[in-house]
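Quick note: numbers below take in every heavy atom, side chains included, and nothing from hydrogens, waters or symmetry partners. Note that the coordinates shown come from a computational prediction; the quantities given were computed from them, not determined experimentally.
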Amino acid sequence: MKNDFDFIKDKIENSGVTAPAEIDENHVLKKLEGIEPNSAPILTELKPKKNRARLIAGLAAAFVAVVTLSVFGVIFSSQRQPPIQPTVTQSDNADIPLKTFSDYNEVKEELKKITASSDRILERYEQSVEVDSYENAPEQGSGSSGSSLGMSGGSGSDSHSETYKQVEGVDEADIVKTDGKYLYIASQNGAKGIDIYSATDDPARITTLYPDNFSDPTKPSAYTDEDDLDAFVEEMYIYGDRLIAVCNTRGEHFTYNTMAAVFDVSDIKNIRYVDRFFQSGDYTSTRMIGDVLYLVSEEYAYDGDEFSAPLCYRGDDPQEIPVENVRCVENPSDPGMLIIGGYDLKDGAKDVRSTALIGAVEDVYCNESNMYLYSTKWRYTEIVDYESYDGGIITDSALHSSEEPVTTDIYKVSLSDGITFTACATIDGWLDSRYSLDEKDGCLRVAATIEDEKDNKTNALYILDSELKEVGKVTGIAKDEEIKAVRYVGDIAYVITYEETDPLFVIDLSDPKNPTVLGEVKIDGFSTMLVPVDENTLLGVGVYTEDADYTAMQVENGTKLVLFDVSDKLHPKVLDEKIYRSCESEAIYEPRAFVKNPDRGDYLIPLNYYEYKINKNTEYADTIVHGGALNFKVENGRIVEIARPEVKVTHDYDDVINRCLYVGDNIYLIYNGYYGETAVYAVKYR
């Protein structure tokens with residue numbers, strides 16, 4: 001005999017009535033799980049994972065109770081939505097994928113039109129409950145993986161750190177560098193200089209380099225409105241005995257431009273200015289391939305009725321980008337102008353390559369042949385009757401979420417012969433980071449999280465040809481979860497997704513027309529970075545999660561290392577894991593904070609321990625930060641901790657060790673203070 005639940009369930013299923021989107025069970029679950037408490041207690045121990053059956057059963061019962069009304073006469077017009085079907089679309093212009101211009105008057109008119117449209121959209125957004133376009137948007141830059149684990153070049157000690165990079169042969173800038181003789185440190189908080197320390201047992205600050213003072217780089221220059229060179233260091237490169245400081249420069253009316261200043265540091269006590277490269281717009285990203293430095297910036301060239309053509313030049317002679325090198329995406333929603341400049345670093349070389357694109361960009365993936373830029377268009381929530389909104393409480397019935405799906409525009413730029421836009425496409429979904437992209441044998445592989453208008457998520461991996469046309473795809477990966485990390489190794493993609501557990505998916509890409517999920521394994525928490533240890537072993541660096549009494553969701557409470565055995569692609573398994581409760585590492589969010597020492601075969605990551613103590617005077621918990629690092633190796637299928645040097649204790653939450661370097665037998669822990677101050681601590685390798 002059937003119970004009441006089964007009886008009602010059968011009646012509903014046989015009635016032909018479907019529930020509206022607002023009470024779809026997945027939608028309801030997402031809304032409930034999205035509610036977080038105002039404050040969380042400090043979690044210090046791992047508890048058994050809760051059984052979610054009671055929660056789901058309760059939601060199911062509520063869902064059935066509501067829908068039962070429709071059996072007795074309340075008929076809903078909304079129909080259940082079909083499964084998410086991700087798509088890829090190309091530009092309508094097959095031969096020239098992007099719009100071109102004959103002169104800068106046409107560029108100005110295009111920007112004027114886009115700006116007017118953008119302003120109308122902004123007016124509507126400003127009336128929104130969620131003012132911006134970031135509803136359900138994941139944190140960017142949280143992670144990753146890449147084609148290979150590579151290191152950038154330098155001079156000095158034969159054994160020293162080199163910056164983690166996504167693609168072998170393509171160097172990346174960072175806030176900390178070493179050439180084996182010295183340590184170069186630029187603050188992340190608007191520093192105007194680069195502190196230079198000795199790479200010795202007792203590191204000492206030797207001098208500070210100021211990139212906007214070309215006559216004497218060791219002395220700060222006074223800023224004036226006419227100067228146009230008040231430089232704020234963003235990142236830097238080591239290029240032989242040269243240091244390249246990549247900066248935002250503040251000009252008149254607080255406009256910003258991007259500058260790369262080159263200095264000769266062969267004699268650290270007599271640093272000499274060598275050259276500079278300059279282009280319009282705020283600094284976005286950069287890469288260095290061989291002797292060529294590529295700078296990417298973004299500016300708003302049209303303001304009111306004023307327009308300035310984009311600049312891209314070497315030295316002190318401003319040069320406009322040729323208008324024939326300016327492109328525009330189809331139906332751009334953003335009046336920004338993306339600028340890409342390529343500069344030959346060789347002495348005496350005057351070659352400058354440049355191009356510009358009207359349309360926003362989020363991040364860059366680059367190999368030795370092509371650069372791919374992508375930009376996400378997010379959904380938004382707005383008040384339905386925003387004209388009559390008086391600032392009071394908004395009910396759900398007065399809200400409306402845009403039905404347009406989240407999409408990502410991808411632009412392909414060839415670096416083989418100058419800098420040329422060659423293809424563009426739009427995919428459904430968003431990318432976790434630039435590490436979701438990888439090119440092999442002329443095909444671009446793209447991993448994306450897709451979400452429909454009911455907040456239901458799934459994931460897909462697209463394979464696009466050289467023209468960014470879809471060749472194949474695999475969809476339906478990890479329903480209700482989102483991608484946290486991707487690593488491409490040859491014809492295999494390793495994809496981490498997360499909702500409450502951390503599934504690692506193994507995807508075969510050897511047949512581009514038919515990518516296939518081979519196997520998966522689940523583990524609590526989630527990895528944000530995947531590092532191949534050898535052909536059969538994968539290391540995950542990420543977030544430790546655990547249950548809490550105040551919520552059915554798991555909460556983040558530390559750093560986690562996990563070791564995967566991927567020798568059997570059909571049956572991957574977990575070999576080992578290490579949990580560091582109440583600890584946080586910059587490597588979770590920034591791959592360049594991860595260090596591999598190939599000489600010793602071990603790894604380094606910053607690791608800061610957060611201790612919470614109740615203040616008897618205030619009755620609130622004070623946060624005490626123990627700054628330090630973690631040195632570990634992988635041995636016989638296990639993660640083996642070598643040392644956890646701790647070098648400072650502070651009461652300032654922002655005062656953390658955010659980079660580790662090594663030179664010879666010394667490990668250097670880099671402190672980059674919130675107000676621009678720096679410090680270096682040296683410890684011996686064990």
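The salt bridge (charged side-chain N to carboxylate O under 4.0 Å, His left out) check on Asp665 picks up nothing, with sequence neighbours excluded. Checked against ring pair (Phe, Tyr, Trp, His ring centres under 6.0 Å), Tyr210 has no partners two or more places apart in sequence or in another chain.
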Show your working on side-chain contact (heavy atoms from CB on, under 4.5 Å) between Ile289 and Asp171 and close with a plain yes or no. CA-CA 6 Å; Ile289 303 174; Asp171 199 3; over 6 Å; no

Step by step, would you call Arg659 with Asp174 a salt bridge (charged side-chain N to carboxylate O under 4.0 Å, His left out)? CA-CA 10 Å; Arg659 289 292 191 276; Asp174 197 12; 2.8 Å; yes

Steps toward side-chain contact (heavy atoms from CB on, under 4.5 Å) verdict (Glu110, Ile358): CA-CA 9 Å; Glu110 184 73 23; Ile358 296 175; 4.3 Å; yes

Give the C-alpha distance, both sets of side-chain angles, the deciding distance and a yes or no for salt bridge (charged side-chain N to carboxylate O under 4.0 Å, His left out) between Asp316 and Arg276. CA-CA 8 Å; Asp316 301 312; Arg276 73 169 173 137; 2.8 Å; yes

Full working for salt bridge (charged side-chain N to carboxylate O under 4.0 Å, His left out) between Arg353 and Asp344: CA-CA 9 Å; Arg353 314 170 195 175; Asp344 196 322; 5.2 Å; no

Evaluate the side chain to side chain donor-acceptor pair (under 3.5 Å) criterion for residues Tyr365 and Asn370: first the C-alpha distance (whole Å), next the side-chain angles of each, then the deciding distance (0.1 Å), finally the verdict. CA-CA 9 Å; Tyr365 159 74; Asn370 298 298; over 6 Å; no

Apply the test salt bridge (charged side-chain N to carboxylate O under 4.0 Å, His left out) to residues Asp275 and Arg314: give CA-CA distance (whole Å), side-chain angles for both, the deciding distance (0.1 Å), then the verdict. CA-CA 8 Å; Asp275 207 347; Arg314 180 173 198 153; 2.5 Å; yes

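For the pair Pro211 and Val233, the minimum side-chain heavy-atom distance is below 4.5 Å.
Judged by distance alone, the side chain of Arg434 and the main-chain N or O of Asp363 form no donor-acceptor pair under 3.5 Å. Using a distance-only test at 3.5 Å, with no hydrogens or angles considered, no donor-acceptor pair links the side chain of Thr420 to the main chain of Thr422. Under the 3.5 Å distance criterion, the side-chain polar atoms of Thr355 are left unmatched by any main-chain donor or acceptor of Ile340. Side chain of Thr376 to main chain of Trp378: no donor-acceptor pair is present (N/O by atom type, distance under 3.5 Å, no hydrogens or angles). Side-chain atoms of Tyr488 come within 3.5 Å of backbone atoms of Ser436 as a donor-acceptor pair (strictly under, hydrogens ignored). Although no hydrogens or angles enter the test, the distance criterion places no donor-acceptor pair under 3.5 Å between the side chain of Ser369 and the main chain of Leu415. Using a distance-only test at 3.5 Å, with no hydrogens or angles considered, a donor-acceptor pair links the side chain of Lys412 to the main chain of Ser466. For the pair Asn248 (side chain) and Tyr283 (backbone), a donor-acceptor distance under 3.5 Å is present. With hydrogens and angles ignored, the 3.5 Å screen pairs no side-chain donor or acceptor of Asn105 with any backbone N or O of Lys108. Proximity of a side-chain donor or acceptor of Thr528 to a complementary backbone N or O of Ile588 within less than 3.5 Å is detected.
When all heavy atoms of Pro598 and Tyr662 are compared, the pair lying nearest together is CD-OH, 3.5 Å. The two residues Pro203 and Tyr668 come nearest to each other via the heavy atoms CG-CE2, 4.1 Å. Closest non-hydrogen pair, Leu111 versus Pro335, comes out as CD2-O, 3.4 Å. What you find for Thr559 and Cys583 is that their closest heavy atoms are OG1-O, 3.0 Å. The heavy-atom pair separating Asp212 from Ala231 by the smallest distance is OD2-N, 3.4 Å. Of all non-hydrogen atoms in Gly193 and Thr208, the two that sit nearest each other are CA-CG2, 4.0 Å.
Between Glu162 and Lys596 no salt bridge is recorded (no basic side-chain N to carboxylate O distance below 4.0 Å). Here Asp267 does not pair with Lys269 in a salt bridge; the nearest charged N to carboxylate O distance is not below 4.0 Å.
The closest side-chain donor-acceptor pair between Asp216 and Thr218 falls under 3.5 angstrom. Side chain to side chain, Tyr372 and Glu439 meet the donor-acceptor criterion of an N or O pair below 3.5 Å. Between Glu362 and Ser375, the side chains place no donor N or O within less than 3.5 Å of an acceptor N or O (distance only, hydrogens not considered). Using a 3.5 Å distance cut-off with no hydrogens or angles, the side chains of Asn213 and Ser215 do pair a donor with an acceptor. Under the 3.5 Å distance criterion, with hydrogens and angles disregarded, no donor-acceptor pair is assigned to the side chains of Asn608 and Glu584. Remark: the Thr200 side chain and the Ser198 side chain contain an N/O donor-acceptor pair separated by less than 3.5 Å. Using modelled atom types and a 3.5 Å distance limit, the side chains of Thr678 and Asn672 yield no donor-acceptor pair. A side-chain donor from one of Thr426 and Asp409 sits under 3.5 Å from a side-chain acceptor of the other. Side-chain contact check for Asn257 and Gln279: no donor-acceptor pair (N or O, by modelled atom type) lies under 3.5 Å. A side-chain donor-acceptor contact under 3.5 Å links Lys177 and Thr163.
Surrounding CG of Asp417 are at most 12 heavy atoms belonging to other residues, nucleotides or ligands under 6.0 Å away.
Taking the six-membered ring where the residue is Trp, Phe278 and Tyr313 present tilted rings, their angle falling between 30° and 60°.
Phe307 CZ to Tyr104 OH: the interatomic distance, rounded to the nearest 0.5 Å, is 6.5 Å. Distance CD1/Ile114 to SG/Cys328: 4.5 Å, rounded to 0.5 Å. How far OG1 of Thr284 is from CD1 of Ile339: 9.0 Å, rounded to the nearest 0.5 Å. Distance check: Thr207 OG1 to Lys219 NZ gives 10.5 Å after rounding to the nearest 0.5 Å. From Glu590, atom CD reaches atom OH of Tyr164 across 10.5 Å, with rounding to the nearest 0.5 Å. Ile185 CD1 to Glu677 CD: the interatomic distance, rounded to the nearest 0.5 Å, is 12.0 Å.
Each of Thr178, Asn597, Leu604, Val663 was scored for a side-chain contact (heavy atoms from CB on, under 4.5 Å) with Ser161, with one residue passing: Thr178. Applying the ring-ring contact (aromatic ring centres under 6.0 Å, His included) test between Tyr343 and each of Tyr239, Phe277, Tyr237 identifies Phe277 as the sole match. When each of Val292, Val274, Ile244 is checked for a side-chain contact (heavy atoms from CB on, under 4.5 Å) with Leu345, only Ile244 meets the rule.
Ring to ring, Tyr197 and Tyr182 are not that close: their centroids are 6.0 angstrom or more apart.
Stacking of Arg272 on the aromatic ring of Phe263 is not recorded, the 6.0 Å distance cut-off and the 45° axial limit not both being met.
The salt bridge (Lys or Arg N to Asp or Glu O under 4.0 Å) contacts involving residues 287-302 comprise nothing, where partners must be two or more places apart or lie in separate chains.
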